Amino acid sequence: MENLNQKIGNAAVIGLGYVGLPLALLAAQKGWRVVGIDNDPVKIGKLLARESPFLDKKVDEDLKTSSLEPTTDFKKVSDMDVIVICVPTPVTESHLPNLGPVRLSAKSIAPYIKPGQLIVLESTVNPGVCEEFILPILEEGSGMKAGKDFYLAHSPERINPGDDKWNVENTPRVVGSLEERGLEKALAFYRSILTSEIKAMKSLKEAEAVKVVENSFRDVNIAFVNELAMSFSHLGIDVVNVIEGASTKPFSFLPHYPGCGVGGHCIPVDPYYLIDHAQKNGFNHEFLKLAREINNYMPAFTVKLVIEALREKGFDPKKSVVAVLGLSYKADIDDTRESPAFEIIDCLREDGISVNTYDPFVVRLSTHTSLKDALEGAQAAVLATAHSEFKAMTPEDFKKHEIEIVVDGRNVFSKEEFIKAGIIYKGIGR
Ligand code: SAJ
């Protein structure tokens with residue numbers, strides 16, 4: 001008899017990155033036998049040595065005592081009850097969805113899946129990918145029927161790197177499936193490992209739509225304040241103060257903050273999945289596209305501020321050195337995916353400016369291995385990532401390297417303090 005309410009069993013997690021690894025460790029902690037499968041042998045080697053392949057204190061800790069079984073062998077899915085796919089869903093250079101990793105994972109497991117298994121996709125995709133893209137690959141490769149022989153569900157991941165409050169265990173989830181029994185099995189699996197609320201959606205498409213909607217919501221809100229920042233820089237109004245003022249309204253205002261760009265594997269990527277899918281189905285998301293254009297423009301806007309300030313100080317930009325502080329896409333993590341810092345660096349170099357870079361979390365990609373060395377000989381500095389180490393800097397920390405210009409890409413410094421110290425300060429909208 002089909003066990004629709006299985007609380008414990010064997011689970012495989014495909015893709016052991018920022019999403020898959022915390023999930024695999026959690027399921028193992030909750031008593032599931034968990035096989036972690038990744039096609040990167042280097043990553044599997046690290047995991048076998050109980051080392052985290054990326055910077056994450058909790059993952060490092062949990063790995064030491066976890067029963068997780070890392071492997072590159074996809075055949076191991078055959079004796080699992082649940083298979084969760086957590087591979088990246090990036091976009092191409094021209095911002096089109098790249099379902100390559102999802103296709104490869106589905107093709108790799110299809111020959112080995114068995115009747116009664118539940119297959120869950122956690123990767124962020126546009127509505128329709130599960131039914132129109134993954135389902136045919138699984139049916140073709142297994143000779144079985146989805147919704148009858150095996151079950152297919154979607155529960156979009158909600159990992160927030162660097163967040164100490166919300167984690168894979170306590171963050172609410174939505175789950176959708178092809179049909180009732182698959183939904184039951186998926187709800188049972190997530191109820192057995194999560195402490196958070198789990199909302200059942202009416203369909204796979206609704207579950208897929210939730211994630212792209214929640215992240216497009218964030219992207220358009222950031223674009224809104226980025227546009228305000230560019231407008232207010234003409235009006236001499238400090239946009240951050242205005243946002244703080246608007247935030248005193250206890251209802252129906254959600255603050256977002258302007259910056260030198262929008263990075264990461266979610267916010268600048270997910271809207272393109274919806275834009276592209278809707279386009280193919282006859283609708284043009286003008287608003288989402290415009291928000292993406294505004295956010296994609298912010299690195300160039302930041303470089304404009306640098307060049308203006310260099311000229312103001314009588315420096316020839318082509319003979320200047322600028323120190324870019326920060327390469328990660330957000331504070332105190334080592335993830336550089338879609339980071340605006342690289343756009344800023346490219347724009348500066350295209351304008352003939354020499355660029356020093358330093359990121360304490362990404363020294364391997366920095367031109368200099370210390371903050372001091374990166375600042376030495378520079379005329380200007382751009383703060384691109386609000387790392388704690390940078391936020392603690394004072395005007396003196398810049399002046400002692402004779403830096404006379406600071407462009408604060410994350411509005412973390414006190415404008416008044418820097419101006420008082422005789423430094424040209426340019427914030428984003430302040
Ligand atoms: N950013 C701004 N202004 C803001 C907020 C963010 O410019 O007001 C920039 C950040 O500097 C960064 C990018 O946007 O470059 C993305 O920042 P993020 O805080 O959204 O960080 P992410 O990409 O890790 O987003 C995750 C997402 N979580 C999932 O997709 C599961 C997102 O849905 C969350 O809303 C977000 O964390 C969060 O709330 O921190």
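Numbers here simply count residues along the sequence, with the first being 1. All figures in this text were calculated on a predicted structure; none of them were measured in a lab. Remember, it's 1-based here, ligands and their atoms both numbered in the order they're listed.
Ser108 and Asn39 share no donor-acceptor pair across their side chains, judged by distance under 3.5 Å alone. Using a 3.5 Å distance cut-off with no hydrogens or angles, the side chains of Lys289 and Gln279 do pair a donor with an acceptor. Side-chain atoms of Asn411 and Tyr257 include no donor-acceptor pair closer than 3.5 Å.
Salt-bridge annotation for Glu197 and Arg173: absent, with no side-chain N of the basic residue lying under 4.0 Å from a carboxylate O of the acidic one. A salt bridge is absent between Glu169 and Lys58: the closest approach of a Lys/Arg side-chain nitrogen to an acidic carboxylate oxygen does not fall below 4.0 angstrom. By the 4.0 Å N-to-carboxylate-O rule, Asp408 lies too far from Lys426 to be salt-bridged with it.
When Gly261, Gly264, Pro340, Gly259 are ranked by how near their heavy atoms come to atom 9 (C) of ligand 1, first place goes to Gly261. Taking all heavy atoms of Thr171, Asn215, Asn226, Val212 into account, the minimum distance to atom 33 (O) of ligand 1 is reached by Asn215. Of the candidates Gly263, Pro156, Ser216, Pro268, Gly263 brings a heavy atom nearest to atom 16 (C) of ligand 1. If you check each of Arg410, Lys330, Arg337 against atom 21 (O) of ligand 1, the one with the closest non-hydrogen atom is Lys330.
The nearest protein atom to atom 2 (C) of ligand 1, hydrogens excluded, is given as Tyr257 O, 3.5 Å; this is a heavy-atom distance. Atom 6 (C) of ligand 1 has its closest protein heavy atom at Ile222 CD1, 3.6 Å. The protein atom (non-hydrogen) at minimum distance from atom 38 (C) of ligand 1 is Asn160 ND2, 3.5 Å. Looking only at heavy atoms of the protein, atom 12 (C) of ligand 1 is closest to Tyr329 O, 3.3 Å. For atom 29 (C) of ligand 1, the closest heavy atom belonging to the protein is Ile159 O, 3.5 Å. Among protein heavy atoms, atom 35 (O) of ligand 1 sits closest to Arg218 CD, 3.1 Å.
Taking every non-hydrogen atom of Cys266 and a distance limit under 4.0 Å, the qualifying atoms of ligand 1 come out as 29 (C), 30 (O). Near Arg158, meaning under 4.0 Å from one of its heavy atoms, ligand 1 places the atoms 31 (C). Near Val262, meaning under 4.0 Å from one of its heavy atoms, ligand 1 places the atoms 13 (C), 14 (O), 15 (O). Residue contact check: Glu157 has heavy atoms under 4.0 Å from atoms 31 (C) of ligand 1.
Taking the six-membered ring for Trp, Phe224 and His256 have ring centres at least 6.0 Å apart. If you look at Phe283 and His285, their ring centroids are closer than 6.0 Å. Checked against a 6.0 Å centroid threshold, the rings of Tyr272 and His95 count as neighbours.
Under the 4.0 angstrom criterion for non-hydrogen atoms, His265 is not in contact with ligand 1.
In this structure, Val220 and Ala291 approach most closely via the heavy-atom pair CG1-CB, 3.7 Å.
At a 4.0 Å heavy-atom cut-off, ligand 1 does not touch Glu214 at all. Neither the backbone nor the side chain of Asn221 has any atom closer than 4.0 Å to an atom of ligand 1 (non-hydrogen atoms only).
In this structure, Tyr18 and His265 have parallel ring planes: the angle between them is below the 30° cut-off, well short of the 60° mark.
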